[in-house]
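In listed order, ligands and their atoms are each counted from 1.
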Amino acid sequence: MTGFDLLIRGGLLVDGTGRPGRPADVGVAAGRLTVLAPGEALRTGGAAEVIDARGRVVSPGFVDVHTHSDGVTLLGRSGDGSDGSDGGSGRALVRASVLQGVTTEICGNCGSGLFPALPERLPAMRAEARITFGGDVGVYADFAGFAAAHARVPRANHLTSLVGHGTLRAGVLGPVDRPARPAELRTMCALLDASLSQGAAGLSTGLIYTPGSYAGTDEVVALAAVAARHGKPYVTHLRDEMSRVEEALEEAIEISRRSGAALHVSHHKTAGRYAWGRTERTLPRIAALRAEGMDVTCDVYPYTAGSTALAAMLPPWANDGGLGALTARLGDPAERDRMRRAIAEGVPGWENTVGNGGWDRISIACAPRHPLAEGRTIADLAASAGADPLDMAADLLVAEAGEVTIISHSMVEEDVRRVLAAPYTMIGSDGVPKPGGRPHPRWAGTFPRVLGRYVRELGLLGLEEAVHKMTGMAAARFGLTGRGVIRDGAHADLVVFDPAAVADLATFTEPLLPPAGIDVVVAGGQVVVRDGAETGARPGSVLAL
Ligand SMILES: [Zn+2]
């Protein structure tokens, strides 16, 4: 044996399979791993670089199964925002993921992505994507186009994408509130099939969000059947995660059963006061299905607050026709009154976040033209202005051309812990790396928070179990062959962390602070983080699965 490019020596190897950690050295050569008995490498030729991992855990690189990072590296020409094209926050946004140990991001979640679309719909979608993703990130005809755009921008870690159903629907029908006609559904199936053939990771839906919410169950079954033919999962943000969460879970189960696609429930939660504690029913339901042999899994982020668009607090008809139509309706006092009534009384089939929680649980994360509103609740802003909360929200949406990000303090800790502890739950940040404001800290803190708070401090999870949820389990679910485990011949994506010090430092007021204790990150065989700081290496690629 000749020497290695890199040797990580003296650490506790936690290999991502869930098996107990053991002392071992790990060699890297030509982007692949070799597991060595302690000291063995020194007798076989050494290495160009040696990292001392004594007192540290050596694990596979983390797989973030749930991101909205579809466009963040595309925002600046240099890929890191250093040209100032995104107001200067881009560097921290791009960096946050790899600094917490993530070597593969899976975007295209919640039905929203940057492909696919019919050519004639691309210009209109490009304009909407500019608002949704915070800059001119483009929209692409298919996964190959998306991958080609990313290939032009060097990146530290790897990326792959699901096919978002909402984007697919808008890319064929436009953002309209009506069923797909048979020919349109055939076109959607064909576009989905093409992108899955090119390597997209699966199909995602966001059935709470327009335009995905305009689809009935049958439409999703037809699409999920295409994913099933590719052996790829159906990944869903359920139609309701609040008072009707159990019905929404049953719809997802029906879609999986009828289509034959494996089911993955995104960021499983039971939010809002009427649903708190409901994980005591949803999790046993999932466990029973698994016991019957059904392939169903989920992911979770370790926080009791979520984050989404302010427009999603309004009834679905308010968003019919897209952002332009929404802002026009918000200018009409009679339409505002209809929205107020819908929130007070509910609309069948619609997850009514404000009706389930209240405007005092909704705080502004990002409103670029109203920085002083960021961090404050809608209820508080309305009280200060002597205004009705719906009018406050509507005025803000109009002034921001429809795009305001919010943080919704909607969950209780017991539910989060129950989901985290379930043996089929993996970890996904649900990070939304968009320039400006105060985004949810999960984009910078999720993985260290699980290892620090839920493993070391609370003992909710064992170390090996937690690492498995972040690596091997996730790679198996999404078909990341040769990743998520440390074994001979696997891809050289690694994290070296200090189990005594690892912790998230990002908060709601300082949301992009890098974590403590993530010392070294290796992606594609190169050291991309050393001593907790980026090295500048850019070995990342778009993974076609
Ligand atoms: Zn979601």
* Do the side-chain N and O atoms of Asn109 and His237 include a donor-acceptor pair separated by under 3.5 angstrom? ->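 Note: Asn109 and His237 side chains miss the donor-acceptor criterion.
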* **Between Asp193 and His230, a side-chain donor and acceptor under 3.5 Å** => yes
* **Where the Zn ion (ligand 1) is the vertex, angle from Cys110 SG to His267 NE2 to 10°** => 120°
* Taking NZ, NE, NH1 and NH2 as the nitrogens, is one of them in Arg126 or Asp136 under 4.0 Å from a carboxylate oxygen of the other? ->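 The answer is yes: the pair qualifies as a salt bridge.
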* Asked: Any Lys/Arg nitrogen of Glu351 or Lys269 sitting under 4.0 Å from an Asp/Glu carboxylate oxygen of the other?
  -> no
* **Name of whichever N/O/S atom of His237 is nearest to the Zn ion (ligand 1)** =>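 Output for this pair reads ND1.
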* Asked: Any N/O/S of His66 under 2.8 Å from the Zn ion (ligand 1)?
  -> no
